[in-house]
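Comments concern the structure below.
In what follows, residues are counted from 1 in the order of the sequence shown.
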Amino acid sequence: MDEKHILARARRGDIAAFEVLVRQNERRVYAVALRSSGSPEDAADITQEVFLRAWRSIEDFRGDSGFSTWLFRITTNLCVDFARHKQAQPQTQPLVGEDDAERPIPDSAPTPEEHLENSELGRELAAALDEVSEEHRRIVLLRDVSGLSYTEIAEVLEISEGTVKSRLSRARIALRTILQKRGNLLPSAASNDMKGGGDA
């Protein structure tokens, strides 16, 4: 069954259909949340909240963009809100009650990217992302973590593709500068890393 029919069933309140959508998107949502928060526990909470909000508002999804595009809009908004709240109040309560043991996180073997997220570099990148602007954080998460195309990012952020490219360039420069100041990236290595992902 294609996504259009699955969405139609989910919008009618079919939880089984919505669970199919969760399975199709949970890994990428979690990857964005993990890179943004730097914490597996916080990433799990954010991911749970993303799908909870998506389920609550699925009837309002008009289908003007793809479901994943809509979902990543929710994800980046939540990541930014979470980072803002964490900065204002370091000792935060989890987004989901501790009695909610179920997490919508795949329990398959970690990918190389997930190993990186748990490494020191992953934590440093998460810390650096906290220092850039919300605008820059969103664009880096969507392009360099989620791997969305310029067209998809333009839909998520509701801006032009040209703006996506210029904003991403500025975001990578800002992130590279922060990492260099923190002593975590050599200038030559940083330049090569930040040149990657240029194809839409």
Side-chain angles (χ1 to χ4, degrees), residues 1-86 92-108 110-111 113-114 117 129 134-135 137-161 163-164 167 200:
M1 185 177 297
D2 62 24
E3 184 178 274
K4 182 178 179 181
H5 288 92
I6 296 172
L7 272 169
R9 287 174 51 191
R11 292 180 65 185
R12 292 195 298 268
D14 186 334
I15 186 66
F18 185 74
E19 287 174 351
V20 172
L21 297 172
V22 171
R23 288 194 297 272
Q24 291 174 345
N25 293 279
E26 62 187 351
R27 182 176 289 278
R28 292 176 75 192
V29 169
Y30 179 73
V32 172
L34 185 58
R35 174 60 61 85
S36 179
S37 67
S39 161
E41 293 79 12
D42 290 341
D45 287 337
I46 292 170
T47 302
Q48 179 113 347
E49 183 68 12
V50 166
F51 287 109
L52 180 61
R53 292 193 183 187
W55 172 248
R56 287 175 174 170
S57 56
I58 190 72
E59 292 182 3
D60 299 326
F61 175 61
R62 298 186 305 271
D64 296 337
S65 60
F67 177 78
S68 60
T69 299
W70 179 67
L71 196 63
F72 281 115
R73 187 177 298 133
I74 297 173
T75 303
T76 54
N77 287 341
L78 265 174
C79 286
V80 168
D81 290 345
F82 183 86
R84 187 189 300 122
H85 182 65
K86 185 172 66 174
T92 59
Q93 295 298 316
L95 294 174
V96 179
E98 293 183 5
D99 57 333
D100 289 341
E102 291 296 321
R103 303 291 190 194
I105 307 302
D107 55 5
S108 56
T111 64
E113 290 79 12
E114 287 167 338
E117 302 297 347
L129 280 169
E134 292 180 8
E135 176 182 281
R137 185 184 300 119
R138 289 177 197 268
I139 204 90
V140 169
L141 290 174
L142 290 171
R143 178 62 180 174
D144 295 329
V145 179
S146 297
L148 269 61
S149 69
Y150 294 135
T151 301
E152 290 171 324
I153 296 172
E155 290 179 356
V156 170
L157 300 180
E158 300 177 326
I159 57 179
S160 70
E161 289 187 40
T163 301
V164 169
R167 191 176 293 180

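In this structure, CG on L78 lies 11.0 Å from CG on D45, to the nearest 0.5 angstrom. Note that CZ of R53 and CD1 of I74 are 8.5 Å apart. Values are rounded to the nearest 0.5 Å. For the atom pair OG of S37 and CZ of F82, the computed distance is 6.0 Å after rounding to the nearest 0.5 Å. Rounding to the nearest 0.5 angstrom, the gap separating the CD1 atom in I58 from the CG atom in L21 is 6.5 Å. Here the straight-line distance linking atom CD of Q24 with atom CG of L71 works out to 11.0 Å at 0.5 Å rounding. A distance of 8.0 Å separates CZ of R35 from CG of D144, quoted to the nearest 0.5 Å.
The minimum heavy-atom distance between R28 and F72, with the atom names listed, is CB-CZ, 3.6 Å. The minimum heavy-atom distance between A31 and V145, with the atom names listed, is O-CG1, 3.5 Å. Residue S160 comes nearest to A154 through the heavy atom pair C-CB, 4.1 Å, listed as atom of the first residue, atom of the second, then distance. When all heavy atoms of Y30 and A43 are compared, the closest pair comes out as CE1-CB, 3.5 Å. A10 approaches A17 most closely through the heavy-atom pair N-CB, 3.8 Å.
Counting only distance, with no hydrogens or angles, the side chain of S149 and the backbone of E152 share a donor-acceptor pair below 3.5 Å. With hydrogens and angles disregarded, a donor-acceptor distance shorter than 3.5 Å links the side chain of R73 to the backbone of E155.
Considering only heavy atoms from C-beta on, V29 comes within 4.5 Å of F51 through its side chain. Put simply, the side chain of C79 does not reach to within 4.5 Å of the side chain of R137, judged on heavy atoms.
Under the 30°/60° scheme for interplanar angles, the aromatic rings of W70 and F61 are found to be tilted.
Each of L141, I153, V32, T76 was scored for a side chain to side chain contact (heavy atoms under 4.5 Å, CB included) with S146, with one residue passing: V32.
Applying the side chain to side chain donor-acceptor pair (under 3.5 Å) definition to pairs two or more places apart or across chains, those involving residues 10-19 are R9-D14.
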How far apart are the C-alpha atoms of E49 and I46, what are their side-chain angles, what is the distance that settles it, and do they pass the side-chain contact (heavy atoms from CB on, under 4.5 Å) test? CA-CA 5 Å; E49 183 68 12; I46 292 170; 5.7 Å; no
